[in-house]
Engineer: 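One structure follows; several queries about it will come next.
Letters A, B, ... are given to chains in the order of the sequence lines, protein chains preceding strands, and every chain is numbered from 1. If you're wondering where the values come from, they're calculated on a predicted model, not measured in any experiment.
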Protein chains: 2
Amino acid sequence: MTREFRSYESGRTYAGNEDRAAVRRPASIKDVASAAGVSPTTVSHVLSGNRPVNELTAARVRSVVNRLGYVPASLARSLQAGSTSVIGLMIPDISNTFFAELAKGAEDAAHDLGYGVILCNTEFDADREDRYLGMIRSRFIDGMVYASGSPPSRRRLEALMGKFPIALADEEVEGLEGALIATADHEAGGRLVGEHLRALGHRRALMLTGPRALKSGVDRANGFVRAFRGEVVERVGDFKEASGHRLVAALLQEGGLDCTAVFAANDLMAFGALTALREAGLSVPRDVSVVGFDDIRAASQIHPALTTVHQPAYDVGRTATAQLLQYVTRGEVPPASRHTLPVELKVRGSTAPPAR
Amino acid sequence: MTREFRSYESGRTYAGNEDRAAVRRPASIKDVASAAGVSPTTVSHVLSGNRPVNELTAARVRSVVNRLGYVPASLARSLQAGSTSVIGLMIPDISNTFFAELAKGAEDAAHDLGYGVILCNTEFDADREDRYLGMIRSRFIDGMVYASGSPPSRRRLEALMGKFPIALADEEVEGLEGALIATADHEAGGRLVGEHLRALGHRRALMLTGPRALKSGVDRANGFVRAFRGEVVERVGDFKEASGHRLVAALLQEGGLDCTAVFAANDLMAFGALTALREAGLSVPRDVSVVGFDDIRAASQIHPALTTVHQPAYDVGRTATAQLLQYVTRGEVPPASRHTLPVELKVRGSTAPPAR
DNA sequence: TTGTACGCGTTATCAG
DNA sequence: CTGATAACGCGTACAA
């Protein structure tokens with residue numbers, strides 16, 4: 001039993017069903033005004049408190065508001081105000097705990113200032129990223145926290161950067177210097193690992209890096225090498241578990257690891273390395289020590305628990321967003337500025353002094 | 001060196017800085033129209049293709065569009081269209097991998113239909129939840145996928161349910177029957193575990209449940225008990241790792257487990273149980289088999305890998321969203337309907353036949 | 001204390 | 001093939 005309601009002013013159509021409460025045209029400020037015998041202006045002011053209204057009139061208006069279930073259309077309000085109080089959060093993969101934590105921080109910071117967050121999950125897909133960048137160009141969102149980074153989209157980002165409020169989180173984007181950015185102290189993280197392994201007595205280490213293009217990875221590697229002051233064998237992976245496994249397995253097959261420690265660029269690769277070592281009959285940490293980076297949740301849940309560098313993903317998201325909003329709320333484009341957040345070494349069961 | 005731009009029509013103020021590209025009033029369709037010497041109507045149609053336009057005129061318009069960098073304000077378009085093409089996703093905690101997966105599914109489904117998703121992370125905070133529910137009442141979002149559930153907010157949900165498009169994901173909400181809902185087949189999950197353990201030869205099992213208030217947990221327990229057809233000792237926990245540890249440790253201290261298998265209501269509790277067993281010098285699966293529920297990432301990475309029931313979190317999010325949008329796109333409120341998604345038993349190293 | 005009129009930027013309608 | 005006009009729903013400057 002379907003019916004149609006036709007609003008007399010607009011001719012717009014609303015379909016519904018008697019059995020499950022039908023969708024009817026929502027009450028507008030005009031409806032309230034005429035029902036209460038006042039002007040829309042008065043209704044507006046009763047609700048906003050922006051100017052004094054006769055208490056009796058106000059009461060009458062409020063009662064009508066309740067009776068009609070009137071709620072101001074935030075869309076119209078946004079149009080007139082010129083801003084939506086919504087920002088975008090661009091990340092490659094929300095199911096990666098690192099980005100999930102980052103998202104949580106961003107959401108918290110936004111919530112504190114009454115902003116909403118649109119989840120822009122890109123899967124590193126440039127088209128998808130473009131679509132979301134379109135939201136800022138069409139001004140549906142007031143700003144963007146950008147933590148993704150498919151290379152083809154960098155040009156677009158660059159074009160937007162000076163004209164719209166954008167903050168870079170977690171990863172710097174090559175060639176985009178004059179930006180607001182919040183990132184973890186990757187270099188210090190690498191240094192902490194280097195110092196830890198050196199203090200334990202290790203002198204030869206295998207370093208599994210991520211792609212060379214990412215500045216964060218380079219920073220980690222540099223920090224490590226400088227602090228470790230021993231021999232470092234380097235192999236380039238891609239941040240995935242499989243690559244950690246592959247690289248270590250290959251080395252083992254080629255005639256031995258010849259290292260007492262492995263430093264992986266992230267926890268996932270460390271997991272892969274652990275598996276490869278176990279398959280080769282090596283014991284961690286007795287035969288080889290293993291260190292990761294990120295401190296994702298599983299790092300503390302596996303056995304042996306993984307020694308790793310805790311990245312303040314939550315803080316990165318929160319800081320980037322808070323900084324961005326500081327300017328967005330004032331209708332300004334943020335200036336270039338850098339916020340480097342401290343990392344922490346979590347020493348767990350996967351590291352020990354090298355065997356004699 | 002700060003300046004102000006004052007738009008002559010509106011008197012609105014735009015602040016900027018010469019050094020970093022200033023924010024100036026974005027070009028509107030009127031600006032384009034007058035610069036191209038046509039009416040706004042024509043500009044609109046050139047861009048939308050909704051009616052034929054003289055190719056010469058069109059070319060001129062397009063050139064002006066590019067020169068001015070004109071992008072239609074989606075806000076104004078939404079106001080006129082009566083919908084924003086954005087929905088909300090209400091979840092308690094995005095950093096929980098289950099909800100992160102669910103969110104990914106929701107985002108994918110929304111993206112497919114050109115919809116955006118606002119992340120509504122509640123931390124089970126009723127105020128926060130209320131604020132987000134406000135977005136649907138104020139029609140800033142066209143619908144809501146609801147996977148949260150602080151008890152005090154249920155009334156509000158109920159009030160909204162018949163009037164706005166809402167879909168329940170993952171967890172049914174007590175007393176909210178006439179709704180669109182997508183959930184995993186918890187009962188079947190419990191049954192699969194029961195059959196698995198029985199087939200292995202187990203006849204006495206410890207079942208660690210979640211809070212009794214959650215229908216999903218009750219379903220799992222019922223499915224298990226019915227299929228296991230053996231003796232079941234039940235202990236009530238709270239889904240946290242610590243509670244799994246506590247319950248098992250207490251039982252061990254009271255004079256033995258007296259069971260050959262443990263079925264935990266989720267993986268986290270299973271982890272706690274594993275730790276307690278290990279601390280008591282018991283070996284898994286030799287002395288005791290352990291099964292979890294959810295299949296979070298760490299489940300396959302611990303040693304021994306955990307036998308568990310894989311929950312289709314992604315599919316739950318995707319299905320709930322796709323179903324919701326099916327109605328939203330037609331401006332309808334979804335009818336009551338249930339979508340139960342299949343689960344899968346992942347048999348890993350933590351289960352084996354009971355010792356002789 | 002209240003109301004009128006206009007602008008926000010877009011698209012649909014109707015007229016030419 | 002094109003344009004003027006109204007309407008979406010709200011806030012507010014200005015007038016009374």
Engineer: What's the NZ-P distance between A:Lys30 and C:dA5, to the nearest Å?
Structural biologist: 13 Å
Engineer: Output a table of nitrogen or oxygen pairs between the protein and nucleotides 1-3 of chain D separated by less than 3.5 Å.
Structural biologist:
residue	atom	partner	partner atom	Å
D:dT2	OP1	B:Thr57	OG1	2.6
D:dT2	OP2	B:Asn54	N	2.7
D:dT2	O4	B:Arg51	NH1	3.2
D:dG3	OP2	B:Ser39	N	3.2
D:dG3	OP2	B:Ser39	OG	3.3
D:dG3	OP2	B:Thr42	OG1	2.5
D:dG3	N7	B:Arg51	NH2	3.0
D:dG3	O6	B:Arg51	NH1	2.9

Engineer: Out of the candidates A:Thr319, A:Val316, A:Ile181, only one should pair with A:His339 under the side-chain contact (heavy atoms from CB on, under 4.5 Å) rule; please name it.
Structural biologist: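 The residue from A:Thr319, A:Val316, A:Ile181 that satisfies side-chain contact (heavy atoms from CB on, under 4.5 Å) with A:His339 turns out to be A:Thr319.
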Engineer: State, with a plain yes or no, whether a side-chain heavy atom of A:Met144 is found less than 4.5 Å away from one of A:Leu133.
Structural biologist: yes
Engineer: In whole angstrom, give the distance that lies between atom CG of A:Leu56 and atom P of C:dT1.
Structural biologist: 12 Å
Engineer: Rounded to whole angstroms, how far apart are CG on B:Asp142 and P on D:dC8?
Structural biologist: 18 Å
Engineer: By side chain to side chain donor-acceptor pair (under 3.5 Å), which residues pair with A:Ser44, not counting sequence neighbours?
Structural biologist: none
Engineer: Tell me: CD of A:Gln80 to P of D:dC8, nearest whole Å?
Structural biologist: 17 Å
Engineer: Whole angstroms only, please: what is the CG-P distance between B:Leu79 and C:dG7?
Structural biologist: 17 Å
Engineer: Using whole Å, report how far CG of B:Leu47 lies from P of C:dT10.
Structural biologist: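 In whole Å, C:dT10 P lies 9 Å from B:Leu47 CG.
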Engineer: Would you mind reading off the distance between A:Ile29 atom CD1 and C:dT2 atom C1', rounded to a whole angstrom?
Structural biologist: 14 Å
Engineer: Any donor-acceptor pair under 3.5 Å linking the side chain of A:Asn121 with the backbone of A:Ile94?
Structural biologist: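 Here the side-chain-to-backbone pair exists.
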Engineer: Please tell me if B:Asn50 has a side-chain N or O lying less than 4.0 Å from either OP1 or OP2 of C:dT11.
Structural biologist: no
Engineer: Rounded to the nearest angstrom, tell me the gap between atom CG in A:Leu75 and atom P in C:dG9.
Structural biologist: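 So the two atoms are 14 Å apart, to the nearest Å.
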Engineer: Please enumerate all residues that pass salt bridge (charged side-chain N to carboxylate O under 4.0 Å, His left out) together with B:Arg131, with sequence neighbours excluded.
Structural biologist: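 Once residues adjacent in sequence are excluded, B:Arg131 has no partner under the salt bridge (charged side-chain N to carboxylate O under 4.0 Å, His left out) criterion.
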Engineer: Answer yes if the ring centres of B:Phe140 and B:Phe164 are under 6.0 angstrom apart, and no otherwise.
Structural biologist: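 Not under 6.0 Å, so no.
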